[in-house]
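Here the structure is a predicted model, which means the values were calculated and not measured. Note: hydrogens, waters and symmetry copies are ignored here, and every other heavy atom, side chains too, is used.
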Amino acid sequence: QVQLAESGGGSVQAGRSLLLSCAASGYTSRGYCLGWFRQTPGKEREGVAVIDPDSRTTYADSVKGRFTISQDKSKNTLTLQMNSLKPEDTAMYYCAADPVIVGIPCYLTVTGYNYWGQGTQVNVSS
């Protein structure tokens with residue numbers, strides 16, 4: 001059973017940076033799609049960035065050029081470096097994982113992921 005635990009959230013002013021981390025356990029030898037998603041009250045959870053086992057990445061348009069997703073396979077850790085933060089980045093951030101399906105890319109969609117962390121809150125003030 002895959003377990004995910006996020007850390008690194010907090011409150012910052014606009015323009016500053018935060019680094020989110022996600023510690024994963026329970027992986028098998030199969031490759032996994034890994035991703036960061038976010039959600040604000042009253043809104044649907046949305047994809048932020050995903051990475052596949054070959055470290056190919058996909059980003060939401062709203063974070064391109066500001067956020068960077070990366071993984072350390074030796075430590076089973078996923079990170080999200082968030083720079084130039086904006087108030088609209090305020091949300092609960094979740095990491096997610098799901099086994100790769102051969103021939104299918106890792107999508108930036110909530111429905112493609114079955115394993116989720118508990119979330120870490122990010123607040124960006126203007």
**Prompt:** Would you call T58 and I51 a side-chain contact if the rule is heavy atoms closer than 4.5 Å?
**Reply:** no

**Request:** In sequence, state the C-alpha distance, the side-chain angles, and the governing distance for Q39 and Y93, and then conclude on side-chain contact (heavy atoms from CB on, under 4.5 Å).
**Result:** CA-CA 7 Å; Q39 188 171 21; Y93 283 73; over 6 Å; no

**Message:** If you define the side chain from C-beta out and look only at heavy atoms, does anything of P105 sit under 4.5 Å from D52?
**Reply:** no

**Request:** Determine which pairs satisfy disulfide bond (SG atoms under 2.5 Å apart) with at least one residue from residues 44-104, sequence neighbours left out, and list them in order.
**Result:** C22-C95

**Complete:** Sequence neighbours excluded, the answer for side chain to side chain contact (heavy atoms under 4.5 Å, CB included) partners of S11 is N123

**Message:** List the residues meeting salt bridge (Lys or Arg N to Asp or Glu O under 4.0 Å) with R16, not counting sequence neighbours, and say none if there are none.
**Reply:** none

**Item:** L78 side, atom CG; S21 side, atom OG - distance, nearest 0.5 Å
**Value:** 8.5 Å

**Request:** Answer yes or no: is there a side-chain heavy-atom contact under 4.5 Å between F67 and S62?
**Result:** no

**Request:** Hey, can you tell me if W116 and Y94 have their rings parallel, tilted or perpendicular (30° and 60° cut-offs)?
**Result:** perpendicular

**Asked** Tell me, do Q71 and S55 make a side-chain contact under 4.5 Å, heavy atoms counted?
**Response** yes

**Item:** Under the ring-ring contact (aromatic ring centres under 6.0 Å, His included) test, residues paired with Y113 that sit two or more places apart
**Value:** F37

**From D72 atom CG to T77 atom OG1, the distance as rounded to the nearest 0.5 Å** = 6.0 Å

**Prompt:** Do you know the tightest heavy-atom contact between S126 and A14?
**Reply:** CA-CB, 4.3 Å

**Item:** 4.5 Å side-chain heavy-atom contact, R66 and Y59
**Value:** no

**Asked** Under a single-linkage definition using a 4.5 Å side-chain heavy-atom cutoff for Ile, Leu, Val, Met, Phe, Trp and Tyr, are I69 and L20 assigned to the same hydrophobic cluster?
**Response** yes

**Asked** Is there a path from Y32 to V110 through hydrophobic residues (I, L, V, M, F, W, Y) whose side chains come within less than 4.5 Å of each other?
**Response** no

**Request:** Considering non-hydrogen atoms only, spot the tightest contact between S17 and S84 and give its length.
**Result:** OG-N, 4.3 Å

**Request:** Would you check, one step at a time, whether the test side-chain contact (heavy atoms from CB on, under 4.5 Å) holds for M92 with R45?
**Result:** CA-CA 9 Å; M92 183 72 79; R45 193 170 297 187; over 6 Å; no

**Item:** Worked verdict on L80 versus T68 for side-chain contact (heavy atoms from CB on, under 4.5 Å)
**Value:** CA-CA 6 Å; L80 184 69; T68 302; over 6 Å; no

**Message:** Going by side chain to side chain donor-acceptor pair (under 3.5 Å), name the residues that satisfy it together with S70, two or more places apart in sequence or in a different chain.
**Reply:** T79

**Request:** Kindly check if the number of other-residue, nucleotide or ligand heavy atoms within 6.0 Å of CD (Q81) is above 12?
**Result:** yes

**Complete:** Between L4 and A24 the two heavy atoms that sit nearest each other are CD2-CB, 3.6 Å

**Asked** With a 4.5 Å heavy-atom cut-off, do Y107 and V50 have their side chains touching?
**Response** no

**Message:** List the residues meeting salt bridge (Lys or Arg N to Asp or Glu O under 4.0 Å) with E46, not counting sequence neighbours, and say none if there are none.
**Reply:** R38

**Request:** Would you please test V122 and M82 for side-chain contact (heavy atoms from CB on, under 4.5 Å) and show each step?
**Result:** CA-CA 10 Å; V122 172; M82 305 188 295; 3.9 Å; yes

**Prompt:** Got E6 and W36 here, is their nearest side-chain heavy-atom distance under 4.5 Å?
**Reply:** yes

**Complete:** d(T120 OG1, L18 CG) to nearest 0.5 Å is 8.5 Å

**Message:** Give me the atom names and distance for the closest heavy-atom approach of A97 to V2.
**Reply:** CB-CG1, 4.5 Å

**Request:** Answer yes when D61 and K64 have at least one side-chain N-carboxylate O distance shorter than 4.0 Å, and no when they do not.
**Result:** yes

**Request:** Hey, could you give me the CG/OG1 distance between L34 and T57, rounded to the nearest 0.5 Å?
**Result:** 12.5 Å

